[in-house]
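A quick write-up on the structure given underneath.
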Amino acid sequence: MSRKGLIERWKKKKRYKVREYHRCERCGRDSGYMRKFKICRICFRELAHQGVLPGIRKASW
C-alpha cells in the first residue's frame, strides 16, 4: 500500500483505542517518533538545524 494510503488509513478513528499509533505530522513516518514534538527523528533533526524548534540546540562537548 502506498504511503498516502497508509496515512489516510491512520487518520481514521480506530474501533479500539489500543489499535491507534503515532505518525509524524510532517512526513507520515511511523517509527522513530518523538511524542513531545509529534514528529519523527528525521524531521526533528531538519527543523532543529533550521532553528525552527525553540530551545533546541545541537549538543557539543
Side-chain angles (χ1 to χ4, degrees):
M1 185 176 275
S2 68
R3 169 82 45 141
K4 201 165 194 86
L6 285 172
I7 293 170
E8 289 303 314
R9 228 174 66 195
W10 161 71
K11 287 180 180 177
K12 285 175 58 178
K13 183 155 172 47
K14 303 292 185 265
R15 186 171 183 173
Y16 304 106
K17 186 152 176 62
V18 294
R19 291 186 181 173
E20 293 176 359
Y21 59 99
H22 301 291
R23 277 193 175 269
C24 175
E25 291 183 351
R26 247 178 117 218
C27 65
R29 183 181 168 89
D30 59 344
S31 57
Y33 180 83
M34 303 173 105
R35 285 187 184 192
K36 186 174 181 179
F37 301 98
K38 298 182 181 176
I39 53 176
C40 68
R41 61 182 176 80
I42 297 166
C43 293
F44 177 82
R45 188 166 190 261
E46 290 172 1
L47 293 174
H49 281 302
Q50 293 170 5
V52 178
L53 299 173
I56 303 297
R57 276 193 318 187
K58 186 176 184 300
S60 61
W61 60 90

Indicate every side-chain donor-acceptor pair of residues 28-46 with a distance under 3.5 Å to a residue at least two apart or in another chain.
residue, atom, partner, partner atom, Å
R29, NE, S31, O, 2.9
E46, OE1, R26, NH1, 3.3

If a pair satisfies salt bridge (Lys or Arg N to Asp or Glu O under 4.0 Å) and one of its residues is in residues 51-61, list it, with sequence neighbours excluded.
none
V18: hydrophobic cluster co-members (side-chain, 4.5 Å)
Y16
Output for pair (K14 NZ, R9 CZ), nearest 0.5 Å, gives 7.0 Å
Here the gap from C27 atom SG to E25 atom CD, rounded to the nearest 0.5 Å, amounts to 10.5 Å
